[in-house]
Asks: 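Quick one: the structure is below, questions incoming.
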Amino acid sequence: MLRALVVDDEKLARDRLRGFLRAIEGVEVIGEATNGPEAVAMIESRRPDLVFLDVQMPGMDGFGVLRQLTHRPAVVFATAYDHYAVKAFEVEAADYLLKPISRDRLRAAVQRIRERQEAPPAGAADLQEMVRAV
């Protein structure tokens, strides 16, 4: 089960995303935050596996939120602005969704995150091969 947090200052965007996520098996929305400082507090206290994070919000932008965290969940930026995409991947975002988000694109993002979680860590396959050879 992926525990997800939705962070966006627009209620309609949060409602849409939460509704789409409800339809994806194995995803539980554990909360919503409406601004940067609230997002930091909720991520640190609830420790979600996945955060859908808007870029432009009151109090602190999405990148500021990431700089404040000690718990680092998978992050999918969900924004109306395409010009932050390169910066998002520089901070190792799992995906970048442009609003309005489609159900299919959201499903693909969640699937990508699941695949990353299920994949063995880098070098693990080599280690497993060496163990078998012994």
Asks: Less than 4.0 angstrom from a charged side-chain N to a carboxylate O is my criterion; do Lys99 and Asp82 meet it?
Replies: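 Salt bridge absent between Lys99 and Asp82.
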
Asks: Nearest heavy-atom pair of Pro73 and Val51: which atoms, and what distance?
Replies: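 For Pro73 and Val51, the tightest heavy-atom pair comes out as CG-CG2, 3.5 Å.
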
Asks: Return the CZ to CD distance between Arg116 and Gln111, rounded to the nearest 0.5 Å.
Replies: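 That separation rounds to 12.5 Å.
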
Asks: Checking side chain to side chain contact (heavy atoms under 4.5 Å, CB included) between Asp8 and each of Asn35, Leu17, Asp54, which is the one that passes?
Replies: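 Single pass found, and it is Asp54.
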
Asks: So, are Asp95 and Arg105 salt-bridged, with charged N and O less than 4.0 Å apart?
Replies: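 So Asp95 pairs with Arg105 through a salt bridge.
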
Asks: Kindly say whether the aromatic ring centers of Phe52 and Phe20 come within a distance under 6.0 Å.
Replies: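 Here the rings of Phe20 and Phe52 have centres that are no less than 6.0 Å from each other.
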
Asks: Would you compute the distance between atom NZ of Lys11 and atom OG1 of Thr34 and round it to the nearest 0.5 angstrom?
Replies: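 That separation rounds to 11.5 Å.
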
Asks: Work out which heavy atom in Ala88 is nearest to a heavy atom in Phe77; give both atom names and the distance.
Replies: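 Minimum heavy-atom contact is CB-CD1, 3.5 Å.
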
Asks: Sort and list the pairs that fulfil side-chain hydrogen bond (donor to acceptor under 3.5 Å, both in side chains) and have at least one residue in residues 69-81, not counting sequence neighbours.
Replies: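 Listed by first then second residue: Glu44-Thr70, Arg47-His71, Gln56-Tyr81.
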
Asks: Leu69, Val91: one ILVMFWY side-chain cluster at the under-4.5 Å cut-off?
Replies: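 Same cluster.
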
Asks: Using only atom types and a distance under 3.5 Å, with no angle test, would you say the side chain of Arg46 pairs donor to acceptor with the backbone of Leu5?
Replies: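 No.
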
Asks: Shortest non-hydrogen contact from Ile30 to Arg3?
Replies: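 In terms of heavy atoms, the two residues are closest at CD1-NH2, 3.4 Å.
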
Asks: Is there a path of hydrophobic side-chain contacts, each under 4.5 Å between heavy atoms of I/L/V/M/F/W/Y residues, joining Val76 to Tyr84?
Replies: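 Hydrophobic grouping puts Tyr84 apart from Val76.
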
Asks: Assess whether side-chain contact (heavy atoms from CB on, under 4.5 Å) is satisfied between Val27 and Met1, documenting all intermediate values.
Replies: CA-CA 6 Å; Val27 175; Met1 178 69 70; 5.5 Å; no

Asks: Determine, using the 4.5 Å side-chain heavy-atom cutoff (strictly less than), whether Val6 and Leu53 are members of one ILVMFWY cluster.
Replies: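 As far as the 4.5 Å side-chain criterion goes, Leu53 and Val6 are not connected within one cluster.
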
Asks: Evaluate the criterion side-chain contact (heavy atoms from CB on, under 4.5 Å) for residue pair Val65 and Met57; output intermediate values, then yes/no.
Replies: CA-CA 10 Å; Val65 168; Met57 297 179 293; 4.2 Å; yes

Asks: Are the side chain of Arg16 and the backbone of Ile101 linked by a donor-acceptor contact shorter than 3.5 Å?
Replies: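 Answer holds: yes.
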
Asks: Determine, for Asp15 against Arg18, whether the closest basic-nitrogen to carboxylate-oxygen distance falls under 4.0 angstrom.
Replies: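 Judged by the 4.0 Å cut-off on N to carboxylate O distance, Asp15 and Arg18 do form a salt bridge.
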
Asks: Could you check whether any side-chain heavy atom of Gln117 comes within less than 4.5 Å of a side-chain heavy atom of Asp49, counting everything from C-beta outward?
Replies: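 Answer yes - side chains close enough.
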
Asks: Group every Ile, Leu, Val, Met, Phe, Trp and Tyr by side-chain heavy-atom contacts under 4.5 Å, then state whether Ile113 and Val75 land in the same group.
Replies: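 Different clusters: Ile113 never reaches Val75 through Ile, Leu, Val, Met, Phe, Trp or Tyr contacts under 4.5 Å.
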
Asks: If two hydrophobic side chains count as joined below 4.5 Å and joins carry through other members, does Leu2 share a cluster with Leu106?
Replies: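 The answer is yes; both residues are in one hydrophobic cluster.
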
Asks: Might you point out which heavy atoms bring Pro37 and Pro58 nearest each other, and give the distance in Å?
Replies: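 Pro37 and Pro58 have their closest heavy atoms at CD-O, 4.0 Å.
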
